Student: 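Just passing along the structure, written as structure tokens.
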There are 2 protein chains.
Amino acid sequence: MVELPAPSRTRNAAATRQAILDAAHNRFAKEGYDGASLREIAADAKVDAALVSRYFGSKEELFVEVLNCAPDASDLFEGTLSDFGTRVATKILDDRDVDQGVEYLLIMLRSASSLAAAEPLRRSMRTHFHDPFAAWLGGPQADVRARLAGDLIMGVCMSQAITSDHDLDEEGRASLRSRLAKVLQAAVEP
Amino acid sequence: MVELPAPSRTRNAAATRQAILDAAHNRFAKEGYDGASLREIAADAKVDAALVSRYFGSKEELFVEVLNCAPDASDLFEGTLSDFGTRVATKILDDRDVDQGVEYLLIMLRSASSLAAAEPLRRSMRTHFHDPFAAWLGGPQADVRARLAGDLIMGVCMSQAITSDHDLDEEGRASLRSRLAKVLQAAVEP
DNA sequence: TGTAAAAGTCATCAACTGTTGACTTGGGCG
DNA sequence: CGCCCAAGTCAACAGTTGATGACTTTTACA
């Protein structure tokens, strides 16, 4: 047959490493830690499977590396506290442009069942979400308020992930959005 | 050697079938759909692994059967609506006696990542939890209120499952309980 | 008691997993 | 150009998984 149109990639360790990282991110978000296989990830990154183990040592280390790239969810903290409920509710429910923060939430909830992933997951959750969230909230029992709001966000995202929004019409979604805003606000306010 | 002290079990198809079902329930709750293996389940039920496939056809059908045994979560509905928040909050957070309803919630969240388990899971969630919950709530937008409360419960349970309550002292837990009660109440009230 | 079907077991299959070691290819430096 | 180490590939491993067909054991009925 003809030659491959373009090798399209000169050898570049940093670039392929990043490609693997991106592919792993997507797969982990879609299928969870156990469900995603190194071969799938490697195929997505257009790389041999052996290279993944070679670069990151093990699947678990790759997972940790992916979690370490998580953003600080700082976009949730741009705005006033009194605005928090509606702001986050719209961000979560208007999922058409699934932004980074929610993607990482998906990784977490999809990997919660894995024993190997549990410990890295817990640590990442604290450092990237809970702690900065509580610090931003301030006030009395900030950690409890942060945890409760975080649990609510997680639950809603998870429900979305499971049901794929099959069972809610447009009016229902609007109602859900406003009510979620109210409840979320009740969770974070001192 | 001596004889086995007691074969301890006459051949009884219904009993072994139930034993398999119980073992599957526990394993699915602990490790999720993908994580639990038929051999583990069979070992727990003191049964050959082949028998599981023989009785239930496939792992997925076994999973469906387990979900079909889920209680209607009717214990959440014993009491007044104005009492709902505190009642459920204490039930969830005093997890020492993990009752059946929460166990099934564990199965759901631990299996949420599995593609094979997704559809049966969604159906069971609706019929065993969401629909009767919404019916019990009544009033305007009962389905939205039921979903939001359910999502919150799921998120809290999941957070518990991940963190194993490592990071909250006794005072914090009390605070979490009262606040969860308040937020939960805000979610269900019209 | 004798026998046939149910209940349970065994061995095995094919597929897939993460990981490793030996190998080949490529590009930059002298 | 010619070398050499990094970058990438190939094949294979040991383990586990779900599933299947042939086999043995028990129970119940005539």
Side-chain angles (χ1 to χ4, degrees), chain A residues 3-4 6-24 27-28 30-66 110-111 113-120, chain B residues 3-4 6-24 27-28 30-66 110-111 113-120:
Chain A
E3 314 258 322
L4 289 176
S8 74
R9 193 70 58 91
T10 73
R11 292 192 168 188
N12 184 339
T16 50
R17 185 188 157 93
Q18 189 58 45
I20 293 173
L21 227 41
D22 291 344
R27 283 291 178 179
F28 284 142
K30 268 188 219 147
E31 315 182 21
Y33 177 81
D34 287 324
S37 80
L38 292 187
R39 282 175 172 82
E40 285 176 335
I41 294 173
D44 288 356
K46 299 189 190 325
V47 155
D48 190 272
L51 208 61
V52 180
S53 290
R54 213 159 191 61
Y55 268 56
F56 296 91
S58 72
K59 187 184 185 182
E60 191 171 338
E61 293 176 84
L62 170 63
F63 186 66
V64 171
E65 209 74 11
V66 169
R110 292 234 142 93
S111 308
S113 63
S114 170
L115 282 77
E119 174 53 24
Chain B
E3 314 258 321
L4 288 177
S8 74
R9 194 68 62 89
T10 74
R11 290 192 168 189
N12 182 340
T16 50
R17 185 189 157 92
Q18 188 58 47
I20 293 173
L21 226 41
D22 291 344
R27 283 293 179 178
F28 283 143
K30 268 188 221 148
E31 315 181 22
Y33 178 82
D34 288 325
S37 80
L38 292 187
R39 282 174 173 82
E40 285 176 335
I41 294 173
D44 288 357
K46 300 192 189 325
V47 155
D48 191 272
L51 208 60
V52 181
S53 291
R54 213 160 190 61
Y55 267 58
F56 296 91
S58 72
K59 187 184 184 182
E60 190 172 338
E61 293 175 85
L62 170 62
F63 186 67
V64 171
E65 211 72 13
V66 168
R110 292 235 144 92
S111 308
S113 63
S114 172
L115 282 79
E119 173 53 25

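Just so it is clear: chains get the letters A, B, ... in the order the sequence lines come, proteins before strands, and each one is counted from 1. Both backbone and side-chain heavy atoms feed into the values below; hydrogens, waters and symmetry mates do not. Every value quoted in this text rests on a predicted model; they were computed, and no experiment measured them.
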Student: Separation of A:E60 atom CD from C:dG18 atom P, in whole Å?
Tutor: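 Taking CD of A:E60 and P of C:dG18, I get 12 Å after rounding.
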
Student: Rounded to the Å, how far apart are A:D48 CG and C:dT20 C1'?
Tutor: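 From A:D48 CG to C:dT20 C1': 12 Å.
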
Student: Please report the C-alpha distance between B:E40 and B:K30 in whole Å, then the side-chain angles of each, then the deciding distance to 0.1 Å, and finally whether the salt bridge (charged side-chain N to carboxylate O under 4.0 Å, His left out) criterion is met.
Tutor: CA-CA 12 Å; B:E40 285 176 335; B:K30 268 188 221 148; over 6 Å; no

Student: Taking all atoms of both residues into account, what is the closest heavy-atom pair of B:P120 and B:E60, and its distance?
Tutor: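 What the structure gives for the nearest pair is CG-OE2, 4.1 Å.
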
Student: Distance from A:L115 atom CG to B:E31 atom CD, nearest 0.5 Å?
Tutor: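 A:L115 atom CG to B:E31 atom CD measures 6.5 Å (nearest 0.5 Å).
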
Student: What integer distance in Å separates A:R17:CZ from D:dG8:P?
Tutor: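 Answer to the nearest Å: 12 Å.
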
Student: Base, sugar-phosphate alone, or nothing: which one does A:S53 contact when heavy atoms must sit under 4.0 Å apart?
Tutor: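 Base, at least one base heavy atom under 4.0 Å.
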
Student: Between atom CG in A:D34 and atom P in C:dT17, what is the gap in whole Å?
Tutor: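 Distance, rounded to whole Å: 12 Å.
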
Student: So do the side chains of B:S111 and B:D34 get within less than 4.5 Å of each other, counting heavy atoms only?
Tutor: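 No, too far: nothing below the 4.5 Å cut-off.
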
Student: More 5' along DNA chain C: A:K59 or B:A13, using each one's nearest nucleotide?
Tutor: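 On the 5' side of the pair lies B:A13.
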
Student: Between C:dA7 atom P and B:K46 atom NZ, what is the distance in whole Å?
Tutor: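 Atom NZ in B:K46 sits about 21 Å away from atom P in C:dA7.
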
Student: How would you label the contact of B:A36 with the nucleic acid (heavy atoms, under 4.0 Å): base, sugar-phosphate, or nothing?
Tutor: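 The residue B:A36 makes sugar-phosphate contact but no base contact.
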
Student: Distance check needed: C:dA7 C1' versus B:Q18 CD, whole Å only.
Tutor: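 To the nearest whole Å, that distance equals 17 Å.
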
Student: Taking atom P of C:dG18 as reference, at what distance in whole Å does atom CD of A:E61 sit?
Tutor: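 For the pair A:E61 CD and C:dG18 P, the rounded distance is 14 Å.
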
Student: Looking across every strand, which nucleic acid part, if any, lies under 4.0 Å from A:Y55 by heavy atom: base, sugar-phosphate, or nothing?
Tutor: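 Sugar-phosphate: the residue A:Y55, judged by heavy atoms under 4.0 Å, touches backbone atoms but no base.
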
Student: Need one value for A:L51: base, sugar-phosphate or nothing, where a base atom within 4.0 Å counts as base even if backbone is also close, heavy atoms only.
Tutor: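 Base contact.
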
Student: Using the side-chain contact (heavy atoms from CB on, under 4.5 Å) rule, take B:F63 and B:S114 through it: C-alpha gap first, then chi angles, then the decisive distance, then the call.
Tutor: CA-CA 12 Å; B:F63 186 67; B:S114 172; over 6 Å; no

Student: What N/O pairs connect the protein and nucleotides 12-14 of chain D at under 3.5 Å? Give each pair on its own line.
Tutor:
{"unit_1": "D:dA12", "atom_1": "N6", "unit_2": "A:R39", "atom_2": "NH2", "d": "3.2"}

Student: Measuring only between side-chain heavy atoms, which start at C-beta, is A:L62 closer than 4.5 Å to A:L21?
Tutor: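 Counting from C-beta outward, A:L62 and A:L21 do come under 4.5 Å.
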
Student: Please tell me which of the listed nucleotides, C:dG8, C:dG18, C:dT9, lies nearest to the side chain of B:T16?
Tutor: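 Nearest to the side chain of B:T16 among the choices is C:dG8.
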
Student: Atom CG of A:L38 and atom P of C:dA15: how far apart are they, to the nearest Å?
Tutor: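 From A:L38 CG to C:dA15 P: 21 Å.
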
Student: A:D48: which residues meet the salt bridge (charged side-chain N to carboxylate O under 4.0 Å, His left out) condition with it, sequence neighbours left out?
Tutor: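 For A:D48 there are no salt bridge (charged side-chain N to carboxylate O under 4.0 Å, His left out) partners, ignoring immediate neighbours.
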
Student: Pull out every protein N or O sitting under 3.5 Å from an N or O of nucleotides 22-26 of chain D, one pair per line with the distance.
Tutor:
{"unit_1": "D:dT25", "atom_1": "O2", "unit_2": "B:R11", "atom_2": "NH1", "d": "2.9"}
{"unit_1": "D:dT25", "atom_1": "O2", "unit_2": "B:R11", "atom_2": "NH2", "d": "3.4"}

Student: Measuring only between side-chain heavy atoms, which start at C-beta, is B:V47 closer than 4.5 Å to B:Y55?
Tutor: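 Result no, sub-4.5 Å side-chain heavy-atom pair not found.
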
Student: Could you tell me how the ring of A:F28 sits relative to the ring of A:Y33: parallel (under 30°), tilted (30 to 60°) or perpendicular (over 60°)?
Tutor: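 Geometry flag for A:Y33 against A:F28: parallel rings.
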
